[in-house]
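Structure, as structure tokens:
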Amino acid sequence: MEQVKTEQTATRQGAGEQAIIKQTVTEQTAAGQTVTEQITAEQRIVILQDVIPTMMEWYRRTARDLPWRERPEAYRVWISEIMLQQTRIEAVKPYYDRFLKQFPGVRELAEAPEEQVLKCWEGLGYYSRARNLQKAAILCMENYGGELPASYEELKALPGIGNYTAGAVASIAYRIPVPAVDGNVLRVLSRVFADSRDISRQSIKTETEKLLLSVIPQDAPGAFNEAIMEIGETICIPNGFPLCEQCPLAARCLARERGEQELYPVKAPKKERRKEEKTILVLLCQGMAAVRKRPAKGLLAGMYELPWMSGYLSQEEIADCLQLSNASAGEVLSSISYMGAAKHIFSHVEWHMKGYMIQTEAPIPGDWEYVPIPELKEKYPIPNAFSAYTEGLL
DNA sequence: CAAGCGTGGGA
DNA sequence: TTCCCAAGCTT
């Protein structure tokens, strides 16, 4: 955990009174914001050490049966943790089973064509996860004899594995006592400590890792990490009021003691999404549809997409764009049909789309390829962003 | 540090 | 409908 750097607990001046603060003190800044003083690192350690036995007992009693908990081998834990990044358990389950069946181990994953891995990931989102997964598998074949390395630092050096995932794999699969700080952990602890600092700040994550490293049970680090996360997901929930009466941390939770559960966690507001207008083309020809591969970097990297053009184009403008001879332009204009509008929301951008189907006798040349529709369905990874226009075909 | 990177489910 | 977001990582 050498990446964990020391950070002072945020306080105002007057370190002398810091040690004896019991009540939260608020003050007004010049800007008029309310600043809440935080409890000290020492106080946090005391609270955690007090509740850990209760929490571990709670987890032994109530841990859910999840597919990746059946056999906690490093490879399986790794796959599950990557899939679970920013993704709900229910969404992951079917993908996890299918992925492990198709790629049972590091070797199978390393040797597969990238498009096959992306196809298996199709619909799960954040596709760089799948590409990094395979890059890491190849590195494991080259450098670690086809196994995942059994140290936090080596895990973290693999593509797609950051602090959280390295901690999760190391603690769950290898029983290495390192924390795994995710959004659940930050939310739970922000409430337990009544911490009003923005949990999206990297410095808070680093401070939390350092704190948990000092209290994590040496004999059950994986269960400890999973226990806090499970509390966050089932009790100390993000949406709605936490179910404190069931919580093994309730006895020492400052937010609950103060009746201020709804004040935490504090998160910075999200940035507004930009909007993009697109004209989507469903080009059909003799049982084939046109698709093209997206660039290797950026949004939906490496995935296939329907041809599209920026902006909302009229049918005449579409025909012009296709740069056809006069004869085939007539065919296009007579066969083109409007498929309706659709919207797809990504995390940082919205696509507002209008789709047109164009069925021709001969393929329309362009920066796309016509692929037989069954093959498209079987082999080509296409993101859900286009589902409004592909579902009818497939 | 901030921004880019998917998707589907629930309030 | 609209908004929130969920077991993060990379650049």
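Order of the sequence lines sets the chain letters (A, B, ...), proteins ahead of strands, with each chain counted from 1.
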Using a cut-off of strictly less than 4.0 Å, decide whether [X] has a side-chain nitrogen or oxygen near OP1 or OP2 of [N].
| X | N | result |
| --- | --- | --- |
| A/Lys297 | C/dT10 | no |
| A/Asn163 | C/dC9 | no |
| A/Thr87 | B/dG8 | no |
| A/Tyr126 | C/dT10 | no |
| A/Asn239 | C/dC3 | no |
| A/His348 | B/dG6 | no |

Which is true for [X] with a 4.0 Å heavy-atom rule: it touches a base, it touches only sugar-phosphate, or it touches nothing?
| X | value |
| --- | --- |
| A/Ala168 | nothing |
| A/Gly123 | sugar-phosphate |
| A/Arg187 | sugar-phosphate |
| A/Ile89 | base |
| A/Glu233 | base |
| A/Gln202 | sugar-phosphate |
| A/Leu66 | base |
| A/Trp121 | nothing |
| A/Ile161 | sugar-phosphate |
| A/Arg69 | base |
| A/Gly298 | sugar-phosphate |
| A/Ser80 | nothing |

Salt bridge check: are A/Glu114 and A/Arg131 linked by an N-O gap of less than 4.0 Å?
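No, no charged N to carboxylate O under 4.0 Å.
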Taking the minimum atom-to-atom distance to the side chain of [X], which one of [options] wins?
| X | options | answer |
| --- | --- | --- |
| A/Ala385 | B/dA3, B/dT7, C/dC5 | B/dT7 |
| A/Pro238 | C/dC9, C/dA6, B/dT7 | C/dA6 |
| A/Lys271 | B/dG6, B/dC1, B/dG4 | B/dG4 |
| A/Lys270 | C/dG8, B/dC1, C/dC5 | C/dC5 |
| A/Lys267 | C/dG8, B/dG6, C/dC5 | C/dC5 |

In whole Å, I'd like the distance from the [atom1] atom of [X] to the [atom2] atom of [N].
| X | N | atom1 | atom2 | value |
| --- | --- | --- | --- | --- |
| A/Leu118 | B/dC5 | CG | P | 16 Å |
| A/Leu124 | B/dC5 | CG | C1' | 13 Å |
| A/Phe386 | B/dG6 | CZ | P | 12 Å |
| A/Arg131 | B/dC5 | CZ | P | 11 Å |
| A/Lys205 | B/dA2 | NZ | P | 11 Å |
| A/Asn384 | B/dG9 | CG | P | 11 Å |
| A/Gln86 | C/dT10 | CD | C1' | 13 Å |
| A/His344 | B/dG6 | NE2 | P | 9 Å |

Considering heavy-atom distances to DNA chain B, does A/Arg88 or A/Arg274 have its closest nucleotide positioned more toward the 5' end?
A/Arg274
[X]-[Y] side chain donor-acceptor pair, cut-off 3.5 Å:
| X | Y | value |
| --- | --- | --- |
| A/Tyr304 | A/Glu115 | yes |
| A/Gln38 | A/Ser196 | yes |
| A/Lys205 | A/Asn163 | no |
| A/Ser203 | A/Glu207 | no |

How far, in whole Å, is B/dG6 from C/dT2 if one measures between their P atoms?
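The answer is 24 Å between these two P atoms.
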Within the side chain of A/Arg129, is there an N or O that forms a donor-acceptor pair under 3.5 Å with the backbone of A/Tyr126?
yes
Nearest heavy atom decides the nucleotide; on that basis, is A/Lys343 or A/Arg273 closer to the 5' end of DNA chain C?
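Of the two residues, A/Lys343 wins.
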Nearest-nucleotide 5' precedence on DNA chain C, A/Asn132 against A/Glu226:
A/Glu226
Applying side chain to side chain contact (heavy atoms under 4.5 Å, CB included), run through A/Val215 and A/Ile52 and close with a yes or a no.
CA-CA 9 Å; A/Val215 300; A/Ile52 283 173; 4.0 Å; yes
Under 3.5 Å donor-acceptor pair, A/Ser347 side-chain atoms to B/dG4 base atoms
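Looking at the base of B/dG4, it does not pair with any donor or acceptor on the side chain of A/Ser347 (distance under 3.5 Å).
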Step-by-step side chain to side chain contact (heavy atoms under 4.5 Å, CB included) determination, A/Ile79 to A/Tyr75
CA-CA 6 Å; A/Ile79 301 300; A/Tyr75 178 74; 3.9 Å; yes
